[in-house]
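Note that this is a predicted model, so its numbers are computed, not measured.
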Amino acid sequence: MRLEYFGAHGKACTIRMIFDYTNTEFEDKRYTLEEFMGPNSPKPNLNWGQVPVLYLDDGSQIAQSKSICRYLAKIYKGREGETLYPAHEDAMLSYEIDSVMDEIDDLGAKYSPFMVPMSPQYKNKDEHFVTWIVQVFP
């Protein structure tokens with residue numbers, strides 16, 4: 001399998017964590033912004049025109065970070081053989097997992113502006129981080 005994303009944690013972080021936790025080998029292709037936006041951009045060949053994208057061993061691709069996480073968590077077991085995503089086995093546990101994943105997205109939208117160098121908030125990132133950690137995160 002090959003995961004394609006930028007050279008940052010971002011939306012691929014959880015995917016990489018699942019690979020690590022399940023001891024699954026994968027190729028980790030990391031684009032620079034210039035590569036991704038340049039004349040040889042992979043965007044036209046991506047299902048949704050964005051990353052992260054995971055190329056499966058058969059060459060097909062799957063996209064959308066949470067969907068990729070759910071897919072991987074259904075096919076791989078944890079280090080102690082545990083199911084990472086119970087699917088329909090336990091509806092409440094599935095809900096709790098999905099709820100945490102959605103909250104991570106919500107928080108990400110609030111802190112990414114001062115983590116991304118192209119954002120105007122990046123200039124004063126330390127100030128914005130303190131405000132975020134004290135006022136938003138709790």
Side-chain angles (χ1 to χ4, degrees):
M1 281 186 281
R2 182 178 75 243
L3 176 64
E4 295 185 359
Y5 193 63
F6 299 107
H9 294 300
K11 292 185 177 247
C13 182
T14 308
I15 299 166
R16 291 181 183 123
M17 289 171 66
I18 291 171
F19 281 133
D20 180 61
Y21 188 73
T22 61
N23 294 314
T24 303
E25 291 192 23
F26 70 104
E27 180 185 343
D28 194 4
K29 168 67 177 151
R30 296 180 186 220
Y31 292 105
T32 64
L33 187 58
E34 293 78 21
E35 287 174 315
F36 193 75
M37 300 303 286
N40 296 321
S41 173
K43 288 177 70 164
N45 300 318
L46 302 175
N47 288 346
W48 297 104
Q50 63 188 21
V51 289
V53 64
L54 181 65
Y55 285 89
L56 303 178
D57 291 336
D58 68 1
S60 62
Q61 62 174 271
I62 59 175
Q64 298 296 346
S65 56
K66 289 192 295 186
S67 297
I68 293 169
C69 287
R70 287 186 189 103
Y71 170 81
L72 294 173
K74 288 177 185 177
I75 63 170
Y76 294 112
K77 300 286 186 192
R79 291 181 180 159
E80 299 185 24
E82 72 273 24
T83 300
L84 299 179
Y85 191 78
H88 300 290
E89 295 171 21
D90 184 336
M92 184 51 72
L93 183 57
S94 294
Y95 159 77
E96 289 171 1
I97 292 167
D98 291 343
S99 178
V100 169
M101 291 179 71
D102 290 340
E103 181 60 23
I104 289 169
D105 278 357
D106 290 347
L107 288 174
K110 293 174 183 171
Y111 73 74
S112 65
F114 58 86
M115 299 294 287
V116 177
M118 288 123 3
S119 170
Q121 292 177 316
Y122 187 78
K123 279 189 206 172
N124 300 11
K125 63 182 180 249
D126 293 339
E127 174 188 327
H128 291 292
F129 178 76
V130 170
T131 301
W132 180 81
I133 202 75
V134 171
Q135 295 179 8
V136 177
F137 187 71

Derivation and outcome, side-chain contact (heavy atoms from CB on, under 4.5 Å), residues Thr14 and His9: CA-CA 8 Å; Thr14 308; His9 294 300; over 6 Å; no
Under the side-chain contact (heavy atoms from CB on, under 4.5 Å) criterion, do Asp98 and Arg70 qualify, and how do the steps go? CA-CA 9 Å; Asp98 291 343; Arg70 287 186 189 103; 3.1 Å; yes
Please say yes or no: joined through hydrophobic side-chain contacts below 4.5 Å, possibly via intermediate residues, are [X] and [Y] part of one cluster?
{"X": "Phe36", "Y": "Tyr55", "result": "yes"}
{"X": "Val134", "Y": "Phe129", "result": "yes"}
{"X": "Val53", "Y": "Leu33", "result": "yes"}

Between Asp102 and Lys66, does any side-chain N to carboxylate O distance fall below 4.0 Å?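 Looking at Asp102 and Lys66, the cut-off is met.
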Answer yes or no: is there an ion pair linking Glu4 with Arg2, defined by an N-O contact shorter than 4.0 Å? yes
Approximate separation, where rounding is to 0.5 Å, of [X] [atom1] and [Y] [atom2]:
{"X": "Ile15", "Y": "Thr24", "atom1": "CD1", "atom2": "OG1", "answer": "13.0 Å"}
{"X": "Tyr21", "Y": "Leu84", "atom1": "OH", "atom2": "CG", "answer": "7.0 Å"}
{"X": "Leu46", "Y": "Ser41", "atom1": "CG", "atom2": "OG", "answer": "7.0 Å"}
{"X": "Arg30", "Y": "Phe6", "atom1": "CZ", "atom2": "CZ", "answer": "12.5 Å"}
{"X": "Leu93", "Y": "Thr83", "atom1": "CG", "atom2": "OG1", "answer": "9.5 Å"}
{"X": "Glu27", "Y": "Met1", "atom1": "CD", "atom2": "CE", "answer": "11.5 Å"}

Among Asp58, Ile62, Asp57, the one residue meeting side chain to side chain contact (heavy atoms under 4.5 Å, CB included) with Ser60: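 Single side chain to side chain contact (heavy atoms under 4.5 Å, CB included) partner of Ser60 among Asp58, Ile62, Asp57: Asp58.
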Quick check: closest heavy atoms across [X] and [Y], and the distance to 0.1 Å?
{"X": "Glu80", "Y": "Glu82", "answer": "N-OE1, 2.9 Å"}
{"X": "Tyr5", "Y": "Gly10", "answer": "OH-CA, 3.6 Å"}
{"X": "Asn45", "Y": "Gln61", "answer": "O-NE2, 2.9 Å"}

Could you check Ile68 against Leu72 for side-chain contact (heavy atoms from CB on, under 4.5 Å), going step by step and ending with a plain yes or no? CA-CA 6 Å; Ile68 293 169; Leu72 294 173; 3.9 Å; yes
Apart from Met17 itself, members of its ILVMFWY cluster (side-chain separation under 4.5 Å) are none
Hydrophobic cluster (4.5 angstrom, side-chain heavy atoms) - remaining members for Trp48: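 Hydrophobic cluster check, Trp48: no partners found.
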When you compare the side chain of Gln64 with that of Asn47, does any pair of heavy atoms fall below 4.5 Å?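 The answer is no, as the side chains (C-beta and beyond) never meet within the 4.5 Å cut-off.
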Min side-chain heavy-atom separation Pro52-Leu3 under 4.5 Å: yes
Lys74 NZ/CZ over Tyr71 ring centroid, <6.0 Å and within 45° of normal: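 No, a cation-pi geometry is absent between Lys74 and Tyr71.
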Show your reasoning for whether side-chain contact (heavy atoms from CB on, under 4.5 Å) applies to Lys11 and Gln50. CA-CA 11 Å; Lys11 292 185 177 247; Gln50 63 188 21; over 6 Å; no
Under the 3.5 angstrom rule, does the side chain of Ser94 hit a backbone N or O of Asp90 as a donor-acceptor pair?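 At least one qualifying donor-acceptor pair exists.
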Side chain of Tyr76, backbone of Ile18: donor and acceptor closer than 3.5 Å?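 No: the side chain of Tyr76 does not pair with the backbone of Ile18.
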Taking the six-membered ring for Trp, are Phe26 and Phe19 parallel (under 30°), tilted (30 to 60°) or perpendicular (over 60°)?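 The arrangement is parallel - the two ring planes meet at less than 30°.
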Identify, with sequence neighbours excluded, every residue that meets salt bridge (Lys or Arg N to Asp or Glu O under 4.0 Å) alongside Lys43.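 Expected list: none.
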